[in-house]
Amino acid sequence: MNHYKELTVQGFWKNNPAVVQLLGLCPLLAVTGTVVNGLGLGLATTLVLLGSNITVSLVRNFVPNEIRIPIFVMVIATFVTMVELIMHAFTFELYLALGIFIPLIVTNCAIIGRAEAYASKNPVHFAAFDGLAMGLGFTMILVVLGGMRELLGFGTLFDGAELLLGEWATSLRIEVYTTDANFLLAILPPGAFLGMGLLIAAKNIIDDVIEKRAQQSQQKVVQRARVTGTDL
Amino acid sequence: MTEIFLLLLGTVLVNNFVLVQFLGLCPFMGVSGKLETAMGMSMATTFVLTVASMSSYLVETYVLVPLGIEYLRTLSFILVIAVVVQFTEMVVRKTSPSLYRLLGIFLPLITTNCAVLGVALLNTTKQHNFVESIIYGFGAAVGFSFVLILFSAMRERLAAADVPAPFKGASIAMITAGLMSLAFMGFTGLIK
Amino acid sequence: MMQYAGKNGLILAGFALVTTVLIAITFYATKDKIEAAKEKQLLSVLNELVPEQQHDNELHTDCIVVPADPLLGNKTQRIFRVRQAGENTGVIIETTAPDGYSGNIDLVVAVDRQQTVLGARVIAHKETPGLGDKIDLRVSDWILSFAGVKYSPETEERWQVKKDGGQFDQFTGATITPRAVVAAVKNAVIYAQQQNQTLFEQASNCGAPSDFVEDNDESL
Amino acid sequence: MKMFADYDQIMERISLQNLWDFPGGVHPTQKKSLSNQTDIQRIDLPSVVHIPVKQHIGVNGELIVKEGDTVKKGQPLTTSENSFAVPVHASTSGTVVAISDHVAAHPSGLSELTVTIECDGKDSEYEYTPMSDYAQRSKGEIIQAICAAGISGMGGAGFPTHLKANNVKPIEFLIINGIECEPYITSDDRLMREHAWQIRQGIDILCHLLQPKQVLIAIEDNKPEAFETMSIACQQEDNYHVVKVPTKYPAGGEKQLIQVLTSREVPSDGLPVDIGCLMYNVGTCYAIADAVIEGKPLIERVVTITGEAVDAPQNVWARIGTPIKHLLAQAQYHSEKQSYPRIIMGGPMMGFTLSSVQIPVVKITNCILVPAAKELPLVEDERACIRCSACADACPASLLPQQMFWHSKAKEYEKAQEYNLFDCIECGACAYVCPSEIPLVHYYRKAKADIRQQQLEKEKSEKARVRFEARKDRLQREKEAREEKHRLAAEARKQSLNKDGGAAKDKIAAALARAKAKKAKQQAQLKDKPSSDE
Amino acid sequence: MTLTLIAILVVVLIALVFGALLGFASIRFKVESDPLVEQIDNLLPQTQCGQCGYPGCRPYAEAIANGDEINKCPPGGEATIKDLSELMGVEAKPLDAAHGVEDVKKVAFIREAECIGCTKCIQACPVDAILGAAKQMHTVIIDECTGCDLCVDPCPVDCIDMVPLHDSSENWQWNFKQVSVGDIPLRQL
Amino acid sequence: MSKLSVGSSPHHHNQRDTGAVMRLVMYACIPGILMQTWFFGVGVLIQIALCMVTAVVTEALIVELRKKNTERVIKDSSAALAGLLLGISIPPLAPWWIAVIGSFFAIALVKQVYGGLGFNMFNPAMAAYIMLLISFPVQMTAWLPPVSLTEQSFTFIDALNTVFTGFTTDGYSIEQLRVGYDGLSMATPLDHLKTQLIEGYTVGEALSSPIMSGNWGLGWTPVALAYLAGGLLLLKLRVINWHIPVSMIGAAMATSFVLFAADSSVYGSPAFHLINGSLIVGAFFIATDPVSAATTNRGRLIFGAAIGFWIIVIRTWGNYPDAVAFAVVLMNMAVPLIDYYTRPRTYGHKAKTSSIHNNEEP
Ligand SMILES: Cc1cc2nc3c(=O)[nH]c(=O)nc-3n(C[C@@H](O)[C@H](O)[C@H](O)COP(=O)(O)O)c2cc1C
Ligand SMILES: Cc1cc2nc3c(=O)[nH]c(=O)nc-3n(C[C@H](O)[C@H](O)[C@H](O)COP(=O)(O)O)c2cc1C
Ligand SMILES: Cc1cc2nc3c(=O)[nH]c(=O)nc-3n(C[C@H](O)[C@H](O)[C@H](O)COP(=O)(O)O)c2cc1C
Ligand SMILES: Cc1cc2nc3c(=O)[nH]c(=O)nc-3n(C[C@H](O)[C@H](O)[C@H](O)CO)c2cc1C
Ligand code: SF4
Ligand code: SF4
Ligand code: SF4
Ligand code: SF4
Ligand code: FES
């Protein structure tokens, strides 16, 4: 159980793929114009990550080293194509909005990164949970960044939720403020980078506070090792 | 000729892969700490992107389209790319250790650079012909290299800057990329 | 050595087999649904311009490709025909305004046979966010002001932006974009008038329907 | 390398007074008139002199006196076995009261081995062996005399003069440096005005040794009197040329002066002789004449005492080893005129602050500067570099000071070296102009010291590795040898046991069990307290 | 449907060829282990002090190559961390205080009068920097001593001190705060 | 004797410190600002004041937050100068929050995140200007016609009212104010040329409109000349070096000449480009920002020339009519690389300095 908790903390915070490992940045920055786009892509990514982690973990013992990467990407590509087809069929507008970034989940570095770093070394239940935690951690950042940009750029939140969740979700849309001069920077490419930079800085500040608290409680000392004197 | 030039200029500057199209960001952030590494990465990426757009064009026109299996596009492209990259890596590693030191360690990273798959896919959506595909791939790579090298030179300078603690590292790099992207907005419209 | 290579080949092939089969299955399972979704998308734009009750043909298939014409932005375009009760009531024309502030603006314009605009929509454009992009229905409903406006040589005067003495609003700080759109819509109407009957006589030749979204990557 | 002006070209331009220039440079206020109005004064002897054993670049000489000895003025205190050692001499007569560490004339204020002599006031002289017929002597003899007189460069670097003079490469230009580009300092100026003739004799000796094609005596154009006297002193010699050099700091730097006169550049890993030049300070020439013609060692030199915190700025003949305090008293120093008491040895651009008034005058001491409160104001803390590159524009070596500063500050020494940190001559022009008041030179010095330290440590760690590995090998060998011995012993025992028959077997089992238990115990001990075993 | 089958077959075939190619290449172009450990070891100070938690510098070098933190070597201090971070392409971070702090350079000094000649320090010194034989007094060769202080603990009579190396005007690091006589540095640096 | 103080040489220092340099630049702006106020109204001064105040306050807050010596930092006047330069590039009657957001962005996100004065890689004022332009194009392109062309004359109070409420005291909106002579709305000459060309007019026709008198953009030209005077003063006082202004203007002239020679009906003449827009201000006050410009002499030549080139390219084909800001910030990116490859030959070294990066420049 403890291990699951650790994986969750890793995925959402300590080793968050987006803000710590800096992986999967392309979709992260490209599709976070709105919360809903972010959420959509985040969920798709999570799905793929879950699937690929499970599969990779299952087959990890049969895969020779030199064809490891081709096999992993093939596995990922399969999940992505399936997700893509499904989204194409059921959430068509969202599919259009996310554009080329759905097939590009294949090369989302976060996914292959987890396959290599975790799934290929750990049993399947952990791998699955890791995939889930990492995926949701990633989604969390997508949503937060999407929220920031949507709020500043359009003054709304959850605009277009119906694309993802069906007609009922139209009512989720929140109009926070209206002006005739939207802060366009937020939705343009530079805004994505700047927003992400600020997000990372915010995380660093929080970490700093946490660490300061933790520091008071514990102080570790490392046992020194000796080179000499043992085998004479 | 002018068309080719405009296509090249367009991919390098106006629709820069990294700063405008958001492709290939992870290596952009990851290997830009040092100018030397960035140059290695640039060369490796240029090579792979060009080869990838070429081979994916071939796969698309001679396998996928005739058989009507465009839905296997992602799978087959990525397979081709991964294999090409890995093969190149092995060969380079064996045949030229010095080149490997320069490029080799970046090659595996490139498989998972979404610019590579992105180029292949965009080539098909934009219906580029063989030559255009190659130019597009090459242009994308040049654009990538261009900003990567500029960025890494800036980051080297940043190393000595008195950046406030929370902004150190990835954060300031992102902000710098944001300001670069801001500047690249100046190119919008150059190619209508 | 050879058998080692062979083993790798087999493993990779095995994976390829499984993965392709999986994809193929998904593909066939979702195929119809995707087709339907695509159709629906196209239809929804067309139907917005010409509501369901004003036609009884399959708009998205009753379509011809016409050669490039200066009035339609010098590009080959598609034209969808609107028929009701066996009568040809109008056309929906794809057109391009070549003189936007930042390049081409792609539109669809629905015109009835009395040269009255039924409606217009911008499909793709690169105009400046915050300035020229008000032609987009998602940003402002300016484009709706075309609905019901009739063109005739006598009303030519009014087919301009207000600044130039016409009836269409310009935007604060951006006149070029609306000018371009107004001109493009006007030209589409003129084109429909000129070609009038010929548009309805040809057989459909559009092939499989595709959606309107182009250059998705560039309008990110 | 840049095109090399050849001899004729250079001479043509010099005769037309159409010199070259060096890049950069600055024009700080001169303030030379404070101290150059009066003759060089003779002053009272101090009560003690502190003579550091090493006052030059190189190694210590061998001490030949001990505490309690009485010495005479000019008596050598050390000898030089090594050619990089330069002897030092008692600068007056008296008793050696201590041979111990004494605060040295060094910016660090650290102590160095020093001979302290209590003066008896008699100033009785040691026997000198003059060599007025030097023209008939062999070069070796003359060089030996220069070395024995303890002469090291008096222009600032303190390089042993006999080494420079012992040259085999052909010399086109012997350059005599009378530039004295540092503000405030006037010791060379006064020396040239008053002792041009003796300087000329020193130059003659150097010419005899080096056979240069041409002697260039370079004097800045802010010293017309010195120019006049030197011109007169040198007028008989065809190949002596007194050259007026435009005033610009640091025109007196060896490399810069060579560039101004000849347009040649000393290669960064080379020496002036590589491009046919050799340079001596005028003070050095004066000392050479003393040493060769009269056999008199270097025991005194001209020192400028100046600054607005002294009432009587002047030049004095100061004995080597004279405590600064003595000189300050001579010039009527008032510490209350300074907001921070501050004494600078050398000029305002390159001199260093002294941490004690007991620091002695040494062979390179050309000036003691005591500025008043507002004269050379202390700068506040540095601000951030605004990259204005005023520093680069001022740098005579065409370096990029701001880049070297960034990298030095960030301790990126490799990059700092890539920007040629070690070509910096520490002239201070960059820091002088920097609007952000960054003590740039200080950063370079720190960086250079750090780099040297790191190189030493690198060498040391390499040595440590070798020794560690050697030790491991040795231990391994010993262990193998021991095991072999044990095996042999065991075999021998076994054989003898076999002879004994079955009864012994129990014994062996018991012994084995004991050994095992002991080993286990040992291991347990080792785990919690790793230490060597018996 | 047959088309689909053909398609799948083609992809499988491609994969087969590629897999074989890679398998072949992996053998044909095999290379030996990487020289990284060597490079890391070269950067470590070789004091063999074990403060990093590994028995000696080389084991730590191996650990770094396998992904251990680079900030565990106190004798190397900031400079070593910087070099390592450059070699490994990671961010430099401050020394992990759990392993100790960067100290001034010291060497061991044996108070010879107290030394009983037990040779324990000789056995403990990783670089053989101590001279002496059984029952005789021992001395440290200052030039060889790395200052690892491994010899201090084993000494049964506690006659070994670690003494800081003196600054001389030759290796002075331009640190005005060390100047004994002076007052406030003009510029706080 | 009391204890002696010690320190590193040189002990001598010349007296112009950073603050003095910055203030000199501000003084040199004064003729230009006065001229601008004369032609475009007191709004100019209001914007400058707003920007300077916001910039200084932002800087003070951040420095305070970082627990540094606030007074010293503010005294270096660099924030005030950045604010001033942003202020002169904002349309005079733009709403107050434009100036506030812009200055905050300049100081907080372009300057202080990098560690403050000296560390920023981009020109704060220009980066902020671009940010404003792409975020609020309507407000940022709302330039007023020169005073002589407007029908309404307005006072200081009017200007203040417009900036803070959007309307003059008489209730005119900025839109109405912009409608000048002949009922035509007024853009800057460059914007005007650009839009006219899109509409299919030739350069000649575009230049015949009231905002132009021949090549001379009304109002804009005297302003440019006034800044030129200030710039020359800076040059004379050796606050800036000649390299950047000369190479920048030279390259812009050369590029526009080539285009003009090729087809004078669609490309503006070199003279037109020189005296319109902010080329001159840019060349003397903006591209010369020491912090974000190249630092070697050869580097400065390259830096300036590239800016000049991009200005003409972006003015001619880009979407943004006034390209100085973009060109400057674009080249700011290249500065570290330029500096690296244009190191001067050090005394005593071979022509090509040794380099561990032996790859050629991309
Ligand atoms: C950054 C920028 C973006 C612009 N984008 C547009 C645009 O998208 N559409 C447009 O018509 N004009 C655009 N313009 C040009 C208008 O500002 C131009 O001045 C205006 O169209 C002229 O019309 P007016 O008569 O309304 O002043 C842009 C100008 C700038 C500076
Ligand atoms: C390490 C070192 C070695 C030198 N070797 C020689 C030499 O062999 N011959 C020589 O004529 N000068 C030699 N010099 C002297 C220099 O050329 C130069 O004259 C001296 O350093 C004083 O220069 P400065 O005061 O301008 O710095 C040497 C100097 C140094 C520092
Ligand atoms: C920046 C700088 C300025 C110097 N200025 C002078 C000077 O004005 N007069 C002088 O004799 N030596 C000056 N030197 C020292 C000379 O470089 C050189 O060491 C000396 O002339 C060699 O003669 P010496 O060996 O007799 O001392 C200066 C050195 C440096 C680095
Ligand atoms: C000659 C000169 C030009 C300057 N130009 C600018 C400028 O264009 N934009 C700006 O923000 N600051 C400018 N500054 C001020 C200052 O250098 C700037 O705020 C720094 O970039 C902040 O780190 C200038 C300063 C000087 C001395
Ligand atoms: S003079 Fe000072 S502020 Fe200017 S570049 Fe040099 S170090 Fe930086
Ligand atoms: S101290 Fe060094 S860097 Fe500074 S001006 Fe002198 S030579 Fe150049
Ligand atoms: S702490 Fe450093 S010196 Fe000590 S053993 Fe470890 S690596 Fe070697
Ligand atoms: S003498 Fe002591 S401190 Fe020195 S190296 Fe040997 S064990 Fe280490
Ligand atoms: S997600 Fe695009 S490169 Fe990592």
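Quick note on labels: first sequence line is chain A, next is B, and so on, each numbered from 1. Bear in mind that the values here come from a model prediction, so they are computed numbers and not experimental data.
In B:Tyr57, the OH atom is crowded: over 12 heavy atoms of neighbouring residues, nucleotides or ligands sit closer than 6.0 Å. For CD1 of B:Ile4, the number of neighbouring non-hydrogen atoms (other residues, nucleotides, ligands) closer than 6.0 Å is greater than 12.
For B:Leu64, no part lies under 4.5 angstrom from a heavy atom of chain E. In this structure, the portions of B:Val83 lying under 4.5 Å from any heavy atom of chain E include both its backbone and its side chain. Looking at B:Val80, both its backbone and its side chain come within 4.5 Å of chain E, counting heavy atoms on both sides.
Remark: B:Pro66 pairs with no residue by the side-chain contact (heavy atoms from CB on, under 4.5 Å) rule, at least two apart or across chains. In this structure E:Ala129 satisfies the side-chain contact (heavy atoms from CB on, under 4.5 Å) test together with E:Cys125, E:Val127, E:Glu144, E:Cys145, sequence neighbours excluded.
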